[in-house]
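Take a look at the structure set out below.
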Amino acid sequence: MARSHDNSPTVWLVCNAASGGNDKDAVEALKPTFAGAGFVLARTTVFPSEAAPTPSQLDEGHVDLLAIFAGDGTMHAAVTAVFGWAGAVLPLPGGTMNMLSKRLHGDVTAAEIIARLVRTPARRVRPTVIRTRHGVGLTGVLAGPGAIWNEVREAMRAANILDFVATTREAIQHSANGPKVLCEQVDCGRREGYAAITVTPHEDGLETNGYYAESLGDYAGQGIALINRDFRNGPHDELGRHRQVRLICPEGEPMGLLIDGEPFDGRAREVFELATCGVDLMMTKGSDESDAMKGGADAR
């Protein structure tokens with residue numbers, strides 16, 4: 001890869017102050033850690049007021065490493081924008097859940113991840129991802145009326161109490177009465193469908209779980225889990241792991257859909273397939289701690 005004039009690797013940083021974990025002070029505090037690790041921080045992009053860089057812009061700037069300090073939504077936009085680039089991307093935890101960063105580095109701070117690059121050579125990996133008609137999902141998909149809880153999460157993030165109360169009531173009602181989704185695969189859960197089905201990429205397939213609730217109290221409890229992206233705490237059925245997942249809404253209604261935590265317009269039928277990330281990502285997590293990256297070659 002190209003090097004700057006002093007032979008130090010060159011970094012382009014993308015951040016988003018609205019992500020929840022990287023306000024202006026956090027970004028300014030992070031910048032010196034790059035210099036301390038031997039990197040030259042050539043440019044900083046503040047997304048979404050500035051567009052994420054393209055491969056040609058990174059090459060023109062002789063950039064070796066694209067560092068993204070943001071939440072899952074910004075991470076999705078910035079990583080997919082550089083598919084096909086010959087350099088590497090370093091996801092850093094700057095949001096609420098930081099699913100991709102945790103997958104690659106574990107639950108550690110951005111400063112610790114950068115420090116690891118000095119202590120131990122990081123690996124360039126191509127993790128498994130989810131191919132959808134809307135593009136690639138790096139960390140996961142949620143389909144069904146439960147996707148409305150994303151609006152509650154946004155109201156919480158904006159600290160708008162009136163919107164939070166209103167959207168919570170709407171989310172409970174919609175989760176209970178909205179058009180359910182089900183998995184078309186044989187023996188794949190309840191025939192009446194679920195309030196939400198999640199699809200998560202792993203080396204051996206797409207892990208699929210169906211989330212339901214039997215009472216209003218369960219819906220409210222599950223909603224809190226959905227807000228936090230911690231779906232495992234909600235009541236659910238394990239629907240297996242598949243290379244392709246076909247979800248349908250039996251009522252023929254468009255299904256609610258979140259990809260990497262961001263809303264998309266779903267149809268009555270959606271298909272998700274195991275695929276491989278289109279750019280190298282930097283991984284500092286020990287190979288004995290995760291199975292997330294081993295299956296990339298199989299999915300290509």
Side-chain angles (χ1 to χ4, degrees), residues 1-16 19 21-22 26-72 74-95 98-106 108-129 136 138-139 276-287 290 292-293 296-297 300:
M1 293 187 294
R3 289 289 184 269
S4 63
H5 66 280
D6 62 355
N7 205 40
S8 298
T10 299
V11 176
W12 186 319
L13 175 65
V14 174
C15 58
N16 183 347
S19 291
N22 63 346
V27 173
E28 290 304 312
L30 183 66
K31 288 181 178 180
T33 63
F34 286 105
F39 293 95
V40 174
L41 182 56
R43 182 168 173 178
T44 300
T45 291
V46 180
F47 187 89
S49 58
E50 299 175 288
T54 64
S56 60
Q57 289 174 322
L58 294 170
D59 288 339
E60 289 170 3
H62 304 292
V63 173
D64 302 299
L65 187 68
L66 174 63
I68 307 171
F69 182 45
D72 294 321
T74 301
M75 195 73 66
H76 170 96
V79 171
T80 56
V82 295
F83 274 15
W85 182 46
V89 179
L90 178 67
L92 298 172
N98 307 307
M99 303 298 287
L100 185 60
S101 178
K102 288 177 180 177
R103 187 180 181 191
L104 294 163
H105 313 297
V108 294
T109 66
E112 169 60 22
I113 293 167
I114 296 171
R116 286 179 180 179
L117 299 178
V118 179
R119 298 196 303 263
T120 306
R123 290 178 288 152
R124 292 172 62 134
V125 298
R126 295 278 180 117
T128 52
V129 295
V136 165
L138 300 174
T139 60
T276 301
C277 186
V279 67
D280 287 350
L281 305 183
M282 300 299 289
M283 179 180 182
T284 65
K285 193 174 184 179
S287 59
S290 174
M293 304 304 146
R300 296 186 187 186

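In this chain, residues are counted from 1 in sequence order.
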- Message: To check you understand the geometry: which heavy-atom pair defines the closest contact between V279 and G87, and what is its length?
- Response: CG2-O, 4.0 Å
- Once you round to the nearest 0.5 Å, how far does CZ of R43 lie from CG of L41? 11.5 Å
- Task: Evaluate the side chain to side chain contact (heavy atoms under 4.5 Å, CB included) criterion for residues L92 and S101: first the C-alpha distance (whole Å), next the side-chain angles of each, then the deciding distance (0.1 Å), finally the verdict.
- Result: CA-CA 6 Å; L92 298 172; S101 178; 5.5 Å; no
- Task: Determine, stepwise, if the pair T10 / L65 fulfils side chain to side chain contact (heavy atoms under 4.5 Å, CB included).
- Result: CA-CA 6 Å; T10 299; L65 187 68; over 6 Å; no
- Message: Once side chain to side chain donor-acceptor pair (under 3.5 Å) is applied, do any residues pair with T45, and if so which ones, sequence neighbours excluded?
- Response: W12
- Query: What pair of heavy atoms forms the shortest contact from A110 to F69, and how long is it?
  - Reply: CB-CE1, 3.9 Å
- Message: Which heavy atom of K285 sits nearest to which heavy atom of R103, and what is that distance?
- Response: CD-O, 3.9 Å
- Task: Taking the side chain as every heavy atom from C-beta outward, state whether R126 and L281 have any atom pair closer than 4.5 Å.
- Result: no
- E112 side chain vs T109 backbone, donor-acceptor pair below 3.5 Å: no
- Would you say T80's side chain and H76's backbone share a donor-acceptor pair under 3.5 angstrom? yes
- Residues P91 and M282: closest non-hydrogen pair is CD-O, 4.2 Å
- Query: Closest heavy-atom contact between V82 and P53?
  - Reply: CG1-O, 3.4 Å
- Note, V125 side chain near L104 side chain (heavy atom, < 4.5 Å): yes
- Item | Minimum heavy-atom distance between L100 and M75, given as atom pair plus value | CD2-CG, 3.7 Å
- Query: Do D72 side-chain atoms and M99 backbone N/O form a donor-acceptor pair below 3.5 Å?
  - Reply: yes
Could you pull out every donor-acceptor pair under 3.5 Å between side chains of residues 27-38 and any protein atom, sequence neighbours left out?
unit_1, atom_1, unit_2, atom_2, d
E28, OE2, K31, NZ, 3.1
T33, OG1, L30, O, 2.4

- Task: With side chain to side chain contact (heavy atoms under 4.5 Å, CB included) as the test, would you mind laying out the steps for L66 and V79 before giving the verdict?
- Result: CA-CA 9 Å; L66 174 63; V79 171; over 6 Å; no
- Checking side chain to side chain donor-acceptor pair (under 3.5 Å) for the pair D59/W85: CA distance, chi angles, key distance, verdict? CA-CA 8 Å; D59 288 339; W85 182 46; 3.0 Å; yes
- Within the distance-only criterion (no hydrogens, no angle test), does the side chain of S49 pair as donor or acceptor with the backbone N or O of V46 below 3.5 angstrom? yes
- Any side-chain heavy atom of V40 within less than 4.5 Å of one from P9? no
- Message: A side-chain contact here means heavy atoms from C-beta on lying under 4.5 Å apart; do I113 and P93 qualify?
- Response: yes
- Query: Quick one: are V11 and V63 in side-chain contact, heavy atoms under 4.5 Å?
  - Reply: no
- Task: Give, for atom SG of C15 and atom CZ of F47, the distance between the pair rounded to the nearest 0.5 Å.
- Result: 11.0 Å
- Trace of the side chain to side chain donor-acceptor pair (under 3.5 Å) decision for H105 with T284: CA-CA 5 Å; H105 313 297; T284 65; 2.8 Å; yes
- Message: If you define the side chain from C-beta out and look only at heavy atoms, does anything of I68 sit under 4.5 Å from L90?
- Response: no
